[in-house]
Amino acid sequence: MRTILRLVILVCGAALMSVPDGAAAQNRETPYWASVSAGQARMRTGPGRNFPISWLYQRADLPVRVVEVYENWRKIEDPDGTQGWMLVNLLSADRTAMIVGDIRPMREAPQVGARIRYQAEPGVVGRIRSCRRGWCEIDVRGRSGFVRIAHLFGVEENERVD
């Protein structure tokens, strides 16, 4: 009997560990930030596969804002303001940000006068390492630097990310 109980506990534990990280991390109060985890992800007009596809995203790591939750579906808003529904397993809790507006400097330190490491064009997406006091350190394919939060989509103005 104990062997069967141990086996059941082991199987349940393994099942819980196999839940996609994005799905487990996406059960939060809205709104919150997420990113597209798949190389191809379909946005739909409603929360179900029977709803028409309104957009096909072909850009993993694109930051999106989750504004509503319905079962395994998340209503998202993309950087252009387009809203629609996406399966939760196509999203990740990994924080990313996209450069908006004009070409923006990626600085060596979180200061206006700090040396510029790189220039990032609008639409460039990077992974957020940290954010505080109006600046985020982002990594764009191994190149990192600090960018003012006001020049990013994917993070709130006064948000702190560690």
Side-chain angles (χ1 to χ4, degrees), residues 9-104 106 118 120-132 134-162:
I9 291 171
L10 182 64
V11 167
C12 288
L16 285 174
M17 290 174 47
S18 68
V19 171
D21 183 39
Q26 303 280 336
N27 292 324
R28 302 185 290 177
E29 191 172 316
T30 57
Y32 64 89
W33 294 101
S35 57
V36 175
S37 64
Q40 288 194 338
R42 290 170 178 83
M43 176 188 279
R44 295 182 179 270
T45 59
R49 292 182 192 265
N50 56 326
F51 287 92
I53 295 167
S54 58
W55 197 255
L56 174 63
Y57 294 90
Q58 298 188 53
R59 187 169 191 187
D61 291 335
L62 182 72
V64 294
R65 183 180 190 93
V66 176
V67 296
E68 195 175 331
V69 172
Y70 178 77
E71 296 179 359
N72 288 329
W73 294 86
R74 301 297 180 262
K75 186 174 187 181
I76 63 163
E77 182 177 340
D78 71 14
D80 293 327
T82 302
Q83 290 190 356
W85 293 87
M86 193 173 284
L87 269 172
V88 69
N89 63 349
L90 298 174
L91 298 172
S92 170
D94 292 340
R95 293 296 299 272
T96 62
M98 186 174 87
I99 303 291
V100 295
D102 299 320
I103 295 175
R104 305 295 182 185
M106 293 177 62
Y118 308 102
E121 292 188 12
V124 167
V125 172
R127 292 188 178 266
I128 297 175
R129 288 186 175 176
S130 66
C131 297
R132 63 180 53 89
W135 292 85
C136 286
E137 183 179 13
I138 63 171
D139 182 294
V140 180
R141 296 184 181 156
R143 295 180 176 183
S144 66
F146 291 88
V147 178
R148 294 190 65 101
I149 287 177
H151 302 152
L152 297 171
F153 175 85
V155 63
E156 298 298 325
E157 184 63 35
N158 294 312
E159 185 178 5
R160 181 181 172 127
V161 179
D162 294 313

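Worth knowing before you read on, the calculation uses all heavy atoms, side chains too, and leaves out hydrogens, waters and symmetry mates. Treat the numbers as computed from the prediction; the structure is a model and nothing was measured.
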>> Are the side chains of Ser92 and Val36 in contact, using a 4.5 Å heavy-atom criterion?
In response: no
> Roughly how far, to the nearest 0.5 Å, is the CD1 atom of Ile76 from the OH atom of Tyr32?
Replying inline: 10.5 Å
> Side chains of Ile99 and Glu121: does their closest heavy-atom pair fall under 4.5 Å?
Replying inline: no
> Would a 4.5 Å heavy-atom cut-off, applied to side chains only, mark Arg49 and Arg42 as touching?
Replying inline: no
> Is the closest side-chain heavy-atom distance between Val161 and Cys136 below 4.5 Å?
Replying inline: no
>> I need the minimum non-hydrogen distance between Pro63 and Pro79, along with the two atoms involved.
In response: O-CD, 3.7 Å
> Gln40 and Leu90: which non-hydrogen atoms are nearest, and at how many Å?
Replying inline: O-CD2, 4.4 Å
> Do Tyr57 and Leu62 pass the side-chain contact (heavy atoms from CB on, under 4.5 Å) test, and can you show the C-alpha distance, the side-chain angles, and the key distance before you say yes or no?
Replying inline: CA-CA 9 Å; Tyr57 294 90; Leu62 182 72; 3.7 Å; yes
>> The criterion is side-chain hydrogen bond (donor to acceptor under 3.5 Å, both in side chains); which residues satisfy it with Arg95, sequence neighbours excluded?
In response: Glu159
> Are any non-hydrogen side-chain atoms of Val66 and Arg28 less than 4.5 angstrom apart?
Replying inline: no
> What pair of heavy atoms forms the shortest contact from Pro122 to Gly101, and how long is it?
Replying inline: CG-O, 3.0 Å
> With side chains defined as the heavy atoms from C-beta onward, is the minimum distance between Glu137 and Ser144 less than 4.5 Å?
Replying inline: yes
>> How close do Ala120 and Met106 get, counting heavy atoms only, and between which atoms?
In response: CB-SD, 4.0 Å
> How about Glu71 and Val88: do any of their side-chain heavy atoms sit closer than 4.5 Å?
Replying inline: no
> Does the pair Met86 and Val64 meet the rule for a side-chain contact (heavy atoms from CB on, under 4.5 Å), with working shown?
Replying inline: CA-CA 11 Å; Met86 193 173 284; Val64 294; over 6 Å; no
> Is there any ring-ring contact (aromatic ring centres under 6.0 Å, His included) pair reaching into residues 70-94, and which pairs are they, with sequence neighbours excluded?
Replying inline: none
> Going from NZ on Lys75 to CE on Met43, what distance comes out if it is rounded to the nearest 0.5 angstrom?
Replying inline: 10.0 Å
> For the atom pair CZ (Arg65) and CG (Asp78), what is the distance rounded to the nearest 0.5 Å?
Replying inline: 13.0 Å
> Are any of the side-chain heavy atoms of Asp94 and Asp61 separated by less than 4.5 Å?
Replying inline: no
> For Arg132, which residues count as a side-chain hydrogen bond (donor to acceptor under 3.5 Å, both in side chains) partner, sequence neighbours excluded?
Replying inline: Asp162
> Atom CZ in Arg59, atom OG in Ser35: separation rounded to 0.5 Å?
Replying inline: 12.0 Å
> How many angstroms lie between CD1 in Ile53 and OG1 in Thr45, if you round to the nearest 0.5 Å?
Replying inline: 9.5 Å
>> Nearest 0.5 Å, please: how far is CD1 in Ile138 from CD1 in Ile149?
In response: 11.0 Å
